[in-house]
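These notes concern the structure reproduced below.
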Amino acid sequence: MNIKSKLLKHNQSIVSIEIRDSYDPKSHLTQENISIKNTPLEEIKSFHLITDGLVILDTQMYFSEPQTILFEISSESIIMNFIYSNNVETHIDQLETEKLTRENTHNIFYTANYKATFKILPFEQINFFSIILSKDFYYNIINEDWELHRKFSKNILLKKSSYLISKYIPFTASILWVIHEIKNCNYQGPLKRMYIETKIKELLILQLETLIEKVTPKEFLGEDDYDKLQQAKLILDKDYVHAPSLPELSRMISLNEFKLKKGFKACFGTTVKSYIIELRMKHAKELFKSKSISVSEVAYKCGYKDVSHFSAAFKVFYGFSPQKFKINWSSINVLVTSFLLLG
């Protein structure tokens, strides 16, 4: 599998990766960092994880002038795609593509020979996170005739480029969290390979869970209300620590409270309150990885004025108190460190 991308205006290579298509659980996972700065206002940063049958790309771009990027993959591939940026004009050969990207959305697609162009506007912060799998790798982490994606699998067997579903849909908090864990993995060597592959499987399950729906909320909510609910979710994603109250959020998106409550549950499978708690608890879990931080500090950083309220919410969410989690996490860190030193 050859993966290449370049900036057409400068005929400048961004990505150039060559790997074997086969799945090999013992192959080493390597890391690559790309940094390109043509002018003070034109920058590309790309972080890659690479092994046989797998490439993970985390790319950020910013330009002062319109740019076009050509991206190619030489052989069959399945791409788990996560878009953080609006208004990138996209064309992929043999795939019917939404003309402009929508931020914080995801999908899965297959191509027999991927060739795409991306037209990028100036002064926009662009961020893509993509997991590129060879067919062999993909079928080693998911059964090819699994009921959940039988139609998609049939298209792969026929070498027919296709999306798992026709439209990109919004991230969930769980998807964002797993991507965060992949980006911030501190393991090395075989442990890192094992961890990353486990997280890819978890992310694939979360994608399938959200992508495979018989009826999309947009169909019964109306497009305008649906867009307002996406806006509500983005507001909470960006500042769940100081999250607005339900009436405040209702005013911010110009949607009455009844529609906000009912629509949010229909779109995202959870209530506004539960979603805020989920985001705060996952943030708390990350903060507790610091040995020096106290429970009261974590409570404050997660938006709780009362430590007892935070502790109660944490115990309901995780099944044990924050104090117990902090002790257990320290023990896990010691165990992993010892294992790595012995290895």
Can you confirm whether the side chains of Ser294 and Ser296 place a donor and an acceptor under 3.5 Å from each other? yes
Side-chain heavy atoms nearer than 4.5 Å, only ILVMFWY residues, links allowed to pass through others: does that put Tyr195 and Leu133 together? yes
Between Tyr23 and Tyr139, does a ring pair (Phe, Tyr, Trp, His ring centres under 6.0 Å) hold up when you go through it step by step? CA-CA 9 Å; Tyr23 172 83; Tyr139 280 144; over 10 Å; no
Mind checking who shares a hydrophobic cluster with Leu8, ILVMFWY linked at side-chain heavy-atom distances under 4.5 Å? Leu70
CZ (Phe63) and CD (Gln125) are apart, to the nearest 0.5 Å, by 10.0 Å
When you measure from the side chain of Lys159 to the backbone N and O of Glu76, does any donor-acceptor pair fall under 3.5 Å? no
May I have all residue pairs that pass salt bridge (Lys or Arg N to Asp or Glu O under 4.0 Å) and include part of residues 105-124, sequence neighbours excluded? none
Do His48 and Ser46 have side-chain atoms, one donor and one acceptor, less than 3.5 Å apart? yes
Min side-chain heavy-atom separation Thr172-Phe268 under 4.5 Å: no
Check for me, please, whether Tyr84 and Leu234 land in the same ILVMFWY cluster - side-chain distances under 4.5 Å, paths through other members count. no
Run the numbers on Met281 and Phe310 for side chain to side chain contact (heavy atoms under 4.5 Å, CB included), then give the verdict. CA-CA 9 Å; Met281 291 304 105; Phe310 165 72; 3.9 Å; yes
Asn86 side chain to Glu103 backbone, donor-acceptor under 3.5 Å: yes
Are Ile44 and Ile34 close enough that some pair of their side-chain heavy atoms sits under 4.5 Å apart? no
For residues Leu255 and Gln231, determine if any side-chain heavy atom of one lies less than 4.5 Å from a side-chain heavy atom of the other. no
How far does NZ of Lys99 sit from CG of Asn87, to the nearest 0.5 angstrom? 11.0 Å
Counting distance only, does the side-chain N/O of Thr198 pair as donor-acceptor with the main-chain N or O of Met194 below 3.5 Å? yes
Correct closest heavy-atom pair for Glu278 and Ser174 would be OE2-OG, 3.4 Å
To the nearest 0.5 angstrom, please state how far the CD1 atom of Ile56 sits from the CD atom of Gln31. 10.5 Å
Whether the Arg20 and Ser134 side chains hold a donor-acceptor pair (N or O, under 3.5 Å, no angle test) is what I'd like checked. no
For Lys259, does the NZ atom have more than 12 heavy-atom neighbours from other residues, nucleotides or ligands under 6.0 Å away? no
N-O pairing of Glu257 and Lys261 below 4.0 Å: no
With side chains defined as the heavy atoms from C-beta onward, is the minimum distance between Leu7 and Ile36 less than 4.5 Å? no
Can you check whether Ser254's main-chain N or O pairs, donor with acceptor, with Lys228's side chain at less than 3.5 Å? yes
Looking only at the side chains, is there a donor atom on one of Asp306 and Ser308 sitting less than 3.5 Å from an acceptor on the other? yes
Short side-chain donor-acceptor distance under 3.5 Å, Asn127 and Ser85: no
Less than 4.5 Å apart, any side-chain heavy atom of Ile165 and any of Asn107? yes
With a 3.5 Å cut-off and no angle check, do the side chains of Thr51 and Ser27 form a donor-acceptor pair? yes
Is it the case that more than 12 heavy atoms not belonging to His10 sit under 6.0 Å from its NE2 atom? yes
So how far is it from Lys45 NZ to Thr59 OG1, rounded to the nearest 0.5 Å? 12.5 Å
Between Phe314 and Phe288, is the ring centroid distance below 6.0 Å? yes
Does the pair Glu286/Lys282 count as a salt bridge with the N-to-O cut at 4.0 Å? no
Determine whether the side chains of Tyr163 and Asn155 contain a donor N or O and an acceptor N or O closer than 3.5 Å. no
Do Phe82 and Gln207 have side chains that approach each other closer than 4.5 Å (heavy atoms only, starting at C-beta)? yes
Any side-chain heavy atom of Met1 sitting closer than 4.5 Å to one from Ile132? yes
Indicate, with yes or no, if Leu121 and Ile126 share a hydrophobic cluster defined by side-chain heavy-atom contacts under 4.5 Å among Ile, Leu, Val, Met, Phe, Trp and Tyr. no
Is a side-chain N or O of Ser130 found less than 3.5 angstrom from the main chain of Phe128, in a donor-acceptor match? no
Rounded to the nearest 0.5 Å, the CZ atom of Phe118 sits from the OG1 atom of Thr68 at a distance of 11.0 Å
Rounding to 0.5 Å, atoms NZ (Lys233) and CD1 (Ile253) come to a distance of 13.5 Å
Establish whether Leu176 and Ile200 are linked, either directly or via other cluster members, by ILVMFWY side-chain heavy-atom contacts under 4.5 Å. yes
Is it possible for you to say whether Tyr187 and Phe47 belong to one hydrophobic cluster, with membership spreading through side-chain heavy-atom contacts below 4.5 Å? yes
Answer whether the closest heavy-atom distance between the side chains of Tyr138 and Leu204 falls below 4.5 Å. yes
